[in-house]
Engineer: 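Before I ask anything, here is the structure I am working with.
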Amino acid sequence: MQYELRTQVIDPPRKTFDHLVRRYGDRPASRYEEGTIDIQAKENFHYRPLWDPAHDIYDEAYSAFRLTDPYSFTDPRQYYYAPYVTSRAAMADAVAATLDYLDSRDLLSRLPDAWSSVMGELLVPLRHYESGAQMVSCDIARFGFGTTITQCAAYAAFDRIGNAQALSRVGIALGGGTAELLADAKTRWVEDASLQGLRRYVEELFLEKDWGRALVRLDVADRLVYGLFFAHLDDAAIDQGAGSYSLVAQHLSSWFADQRKWVEALYKAWVTDPGTGAANTQLLAVTTTEALAAALVALGPVAARADELVGAAAAASLDATATTIRDAVAALTA
Amino acid sequence: MKQRYEALTRDLDWEPSYVAKSDVFPHTEFEGIKIHDWSKWEDPFRLTVDAYTKYQAEKDKRLYAVLDGFAQSQGHLTLTEASYLNAMKLFLQGVTPLEYQAHRNFAYLARHLNGPGPRFAALCQSIDEMRHTQTEIHTLSNYNKYYGGFHNYLEQHDRVWYLSVPKSFFDDALTAGPFEFLIAIGFSFEYLLTNLLFVPFMSGASFNGDLPTMTFGFSAQSDESRHMTLGLEAIKFLLEQDEANVPIVQAWIDKWFWRGYRVTALVAQMLDYMLPRKVMSWKEAFELYFEEQMLGGLFQDLAFYGITPPKHVDDAIAEKEILSHQVYWTLYQFSHAAAFTTTFPDADAQTWLAENYPGTFDKLYKPLWDKEARNLENGGRHFVRGLPQLCQVCQIPMLFTEPDDPTTLCQRESVHNGEKFQTCSNGCQWIFEREPEKYVQAWLPVHQIYQGNCGGPTVPDVLAWYGIQEGDGGEYKGSVDDTNWKSWHNAADHSHIGSEA
Amino acid sequence: MTVRSIGAYDFPSRSRQELYGDDQLVHLWFQENPWFCASACFRAPKAMTWGDFWNALVVPFAEEDPDFDPEARRVFTLHGAQFEPRDDQTLEEIGVEHKDVIGMRVLV
């Protein structure tokens, strides 16, 4: 770059920081790169954690998944803080517009009763699932290795709280402006037979110490949950005249598409790593397969209850998603 | 509003029943803190995610517009002087990586605290800290293109001797339990010392034509006020939960006040010596931001809970008129091994120092500069030809003096497992002896150099390992920055540039 | 006092003598001379004689002070007591241990 100064041109002696020149060559760096690459401290940690003396402050041994170079993975969305919050502010505006619309036309109270039950019994309690996903994502944000990964996880954690709050708003709207339905949803999350498998899945996930495995286990459950609630039931709702369900579902569905971009990119980085790819592939296959079995057990009763309410072939849709996941695993190890 | 917030955020939690709660939150018992009711945590912000993202996106839009405009208009040429940027080099090398560390560990709190209220507050702070990391990098990135000292700040934070001071400080906090971290960073760093740490840099920026940094500072203010509120809420919550928490929290305040205060030594010399256009003296800043606001305000409130001012606070007060002089004298003679430059304080600067430190400058420090003036006349320039003794805890060269005698260096020694460990002060010795198992692990740069772990045995070997290039350190006069600055200013009339800013 | 931790918390010192082989770290404190902002830290063989320590390590360091006079009379202290080093004594014989601080004051 060159700057005209009436009579002189100043050539900047440097284009960017040394660590970026070493990695990418002598070219200007993007704000994503300057704000992300190599930021996590690398060496000469002074003390070991009092709560885990076996590890260093940042330690790749916190997971069996390894990248030879943690920065071989970058976020395909190139989110650093500013574009991240900008994108989420737009999403929040869209959610608010939908809720205002539903409210102004009193659309939620005009839902068919069965769909009203799907929302109250199954959808709104998912705010607790999102809250659990937030905790798991925070663990990845702290213990993951490399800023490109942990930054995605931190934003994902914040997203999950955002999702929980959006679902809460749906609950408040559905409850005629009161929080009653939220209290009811919490009781369902803790007590309803149809939701106990999912709650158990989340609680067991809290104990997963390996952040890479935690990420995969959460992603497997997410794919089933989001596939069921925000793709399959979205379609069914439209077919059955419950369009306002779909108006809500579109936002979570588009968030999940955004979320999966970085998760898929990380999987790809794991399995294509020249040094650790083979081991990562094995791990990813085994972890996904185990997680899928557990997640199907967890979500079977949820789908069954949805089918009882609206007869939407939810159970079959769960199986279809499972098949897609199994095929992806098979392709990995083929 | 409150009810809506509570419904949206707080009530998301539930009691696990398929696994033991103590396994879900395994880190909140070992420190001895007792929490009986997490719901008593008052979240003072009541921010929801949608409100947060909208507000923050708006702020960032404005900030990045300023950064872009400044870069496009060659705004760097309107700084008071290139030497001003030494303050920003220290900031990027020493402070920005700490923002990042805070980001990671607030994410840890957002996972590991048992209560949903504090977890959400910690998560907000975690991503705020990521914001500060990145906005600081992006703010200073433009200066890196034209000036030395910025280009290898990340590797230097992990390696260079004076940067082990802030790094070890934060590593200490990161390796502590979640409650100690809350007091160390949430309370001590973000509340007790935050004005002393950040305001001088940001005010220095506004006094010296650094519009981007000043804008960053303003833009971070509303985040910081949330962080301060969180820190205060944290300490009150711990103190109110159980009487037995009081002595534990008191000991953490004692430790983290002194730990953080020692890091501010770098700020003290920056205010008094590095800024071409001075803002206020360290003494004034210390009296206003610490003695008046904290001792006179905060600790009066905390007395209600049985909390007393930090243990070694009198030693800190006693050195407010000598600290900056001692530290700058040290950096002056070690800057050949640093990624910033130093220079002899000229007559105007010395007059300012004498006026602001009437009791100490002329008597104790002017004679040193007079001797250095003669040395310079004779073709010398004081650079130390070796390595200093470091404090085992704060890792600063052992330059501090006895609390009652500014002419005698303070030497404290403790023995642990038959090995001697020296500390620079009563505060650091007390910290060492409280947890010797922790501080024996310190990666002390001088000792590491002598073990051969820093690139090789000679000074050029070590400087190469630090990634220090010609012009990054040493004397400012005649340095690459100085030379460029003069040629850029002589070559063109740039008086129109940046005038609209 | 000792740390509170989850599990055993016991790490060797990163500055322990054995990391320096036959050498040790020795600090020299220039008392009453503020020209040197802090005590110097040297790595020196335990078997190094005082004469060699003085000529090879101390003098090149101290000469940076324009007022340095190698011939000046000096008082040395170790472990709180004065001592008069002879050039042929080794540091070990003098009693200097790893990371000791030797005080040095010029007699006016």
Side-chain angles (χ1 to χ4, degrees), chain A residues 3 5-8 10 12-15 17-19 31 34-35 38-39 41-51 57 80-82 85-86 88-89 92 96 127-128 131 135 138-139 141-142 150-151 154-155 157-158 161-162 164-165 168 172 179 182 186 189-190 199-200 203-204 206-207, chain B residues 3 7-9 11-14 16 18-19 23-24 27 30 48-50 53-54 56-57 60 64 74 97 100 104-105 107-108 110-111 120 123 126-127 130-131 133-134 137-138 141 144-146 151-152 154-155 158-159 168 171-172 174-177 438 441-443 467 488 491-494:
Chain A
Y3 293 99
L5 273 196
R6 203 180 283 181
T7 57
Q8 110 187 92
I10 297 182
R14 261 174 231 92
K15 295 191 180 72
F17 298 104
D18 291 357
H19 57 281
R31 281 192 168 138
E34 286 197 340
D38 289 319
I39 305 285
K42 287 191 162 74
E43 57 187 345
N44 309 327
F45 302 108
H46 289 274
Y47 323 104
R48 287 295 184 101
L50 294 175
W51 33 265
I57 290 173
Y80 58 100
Y81 182 90
V85 288
T86 304
R88 272 28 183 185
R127 60 200 289 271
H128 300 290
S131 163
M135 280 175 60
C138 283
D139 228 11
R142 170 59 186 89
T150 57
Q151 176 169 241
Y155 298 154
F158 203 66
I161 280 291
Q165 292 181 359
S168 306
I172 291 171
L182 297 185
K186 182 163 177 175
W189 175 251
V190 176
R199 178 162 75 88
R200 177 182 205 127
E203 290 182 12
E204 287 173 349
F206 289 151
L207 307 197
Chain B
Q3 271 177 332
L8 290 184
T9 298
D11 204 36
L12 290 169
D13 222 27
W14 73 94
Y18 297 105
V19 297
D23 290 337
V24 177
H27 294 174
F30 82 96
T48 49
V49 167
D50 57 345
T53 54
K54 271 188 246 182
Q56 298 296 90
D60 269 5
Y64 281 98
Q74 294 278 311
Y100 182 72
R104 294 291 288 268
N105 226 54
Y108 164 77
R111 163 62 184 84
F120 180 60
L123 179 56
S126 171
I127 70 163
M130 193 59 173
R131 168 174 199 257
T133 309
Q134 293 175 332
I137 294 167
H138 294 149
S141 159
N144 170 55
K145 296 184 171 116
Y146 298 92
H151 55 87
N152 198 34
L154 282 173
E155 194 171 70
D158 278 350
R159 294 183 172 185
S168 63
D171 278 7
D172 197 350
L174 285 172
T175 51
K438 202 164 190 189
Q441 303 165 70
W443 189 92
W488 292 336
D493 171 13
H494 63 275

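Below, read A as the first sequence line, B as the second, and so on, with proteins coming before strands; counting in each chain starts at 1.
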Engineer: With a 4.5 angstrom heavy-atom cut-off, is it the side chain or the backbone of B:Pro97 that approaches chain A, or both, or neither?
Structural biologist: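 No part of B:Pro97 comes within 4.5 Å of chain A.
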Engineer: Checking A:Ser168 against chain B: side chain, backbone, both or neither under 4.5 Å from a heavy atom?
Structural biologist: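 Looking at A:Ser168, backbone and side chain both touch chain B.
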Engineer: Identify the heavy atoms of A:Asn44 and B:Arg159 that sit nearest to each other, and give their distance.
Structural biologist: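 Answer, listing the atom of A:Asn44 first, then B:Arg159: ND2-CG, 4.1 Å.
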Engineer: Considering only heavy atoms and a distance below 4.5 Å, find which of A:His19, A:Arg142, A:Arg48 pairs most often with chain B.
Structural biologist: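 Highest number of pairs under 4.5 Å: A:Arg142.
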Engineer: Over 60° means perpendicular and under 30° means parallel, so classify the ring planes of B:His27 and B:Tyr108, tilted if in between.
Structural biologist: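 Correct class here is tilted.
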Engineer: For B:Leu154, is it the side chain, the backbone, both or neither that has a heavy atom under 4.5 Å from a heavy atom of chain A?
Structural biologist: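 For B:Leu154, the side chain is the part near chain A, not the backbone.
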Engineer: Between B:Asn144, B:Ile137, B:Asp60, which has the largest tally of heavy atom pairs under 4.5 Å with chain A?
Structural biologist: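 The option with the most such pairs is B:Asn144.
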Engineer: I'd like to know if B:Asp158 pairs up with A:Lys42 as an ion pair, taking the criterion as any Lys NZ or Arg NE/NH1/NH2 lying under 4.0 Å from an Asp or Glu carboxylate oxygen.
Structural biologist: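 Salt bridge absent between B:Asp158 and A:Lys42.
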Engineer: Quick check on the interface: out of B:Val19, B:Asn105, B:Asp172, who has the most heavy-atom pairs with chain A under 4.5 Å?
Structural biologist: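 Heavy-atom pairs under 4.5 Å are most numerous for B:Val19.
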Engineer: Who among B:Gln56, B:Arg131, B:Met130 has the most heavy-atom pairs with chain A under 4.5 Å?
Structural biologist: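 With the most close heavy-atom pairs to chain A, the winner is B:Arg131.
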Engineer: Taking C-beta and beyond as the side chain, do B:Phe120 and A:Phe158 meet within less than 4.5 Å on heavy atoms?
Structural biologist: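 Side-chain contact under 4.5 Å: yes.
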Engineer: If I compare all heavy atoms of A:Ala89 with all of B:Ala57, which pair ends up nearest, and what's the gap?
Structural biologist: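 What the structure gives for the nearest pair is CB-CB, 4.1 Å.
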Engineer: Testing the 3.5 Å rule here: is there a donor-acceptor pair between the side chains of B:Ser141 and A:Glu34?
Structural biologist: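 A:Glu34 and B:Ser141 do have a side-chain donor-acceptor pair below 3.5 Å.
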Engineer: A side-chain contact here means heavy atoms from C-beta on lying under 4.5 Å apart; do A:Gln151 and A:Tyr81 qualify?
Structural biologist: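 Answer no - side chains too far apart.
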Engineer: Using the ring of each side chain (for Trp, its six-membered ring), is A:Trp189 parallel, tilted or perpendicular to A:His128, with breaks at 30° and 60°?
Structural biologist: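 Geometry flag for A:His128 against A:Trp189: parallel rings.
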Engineer: Counting only non-hydrogen atoms closer than 4.5 Å, does A:Ile161 touch chain B with its backbone (N, CA, C, O), its side chain (CB onward), both, or neither?
Structural biologist: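 Contact with chain B is through both the backbone and side chain of A:Ile161.
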Engineer: Ignoring hydrogens and angles, tell me if any N or O in the side chain of A:His46 forms a donor-acceptor pair with the backbone of B:Ala442 under 3.5 Å.
Structural biologist: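 Not a single qualifying donor-acceptor pair exists.
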Engineer: So what's closer than 4.5 Å to chain A heavy atoms on B:Phe30: side chain, backbone, both or neither?
Structural biologist: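 Side chain of B:Phe30 only, per the 4.5 Å heavy-atom cut-off to chain A.
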Engineer: Would you mind telling me which of B:Asp23, B:Asp13, B:Ile127, B:Asp50 has the largest number of heavy-atom pairs within less than 4.5 Å of chain A?
Structural biologist: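 That would be B:Ile127.
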Engineer: Using heavy-atom distances under 4.5 Å, tell me whether B:Thr133 contacts chain A through its side chain, its backbone, both, or neither.
Structural biologist: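 Contact with chain A involves the side chain of B:Thr133 alone.
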Engineer: Are the side chain of A:Gln165 and the backbone N or O of B:Val49 linked by a donor-acceptor pair below 3.5 Å?
Structural biologist: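 Present.
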Engineer: Tell me which of these, A:Leu182, A:Asp38, A:Leu207, A:Val190, has more heavy-atom pairs under 4.5 Å with chain B than the rest.
Structural biologist: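 Counting heavy-atom pairs under 4.5 Å, the top option is A:Leu207.
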Engineer: Of the listed residues (B:Gln441, B:Lys438, B:His151), which shares the most heavy-atom pairs with chain A below a 4.5 Å separation?
Structural biologist: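 Heavy-atom pairs under 4.5 Å are most numerous for B:His151.
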Engineer: Heavy-atom pairs under 4.5 Å with chain B: which of A:Asp139, A:Thr150, A:Asp18 has the most?
Structural biologist: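 The answer is A:Asp18.
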Engineer: I need the residue from A:Ala164, A:Ala96, A:Ala154 with the largest number of non-hydrogen atom pairs under 4.5 Å to chain B.
Structural biologist: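 Answer, by heavy-atom pair count under 4.5 Å with chain B: A:Ala154.
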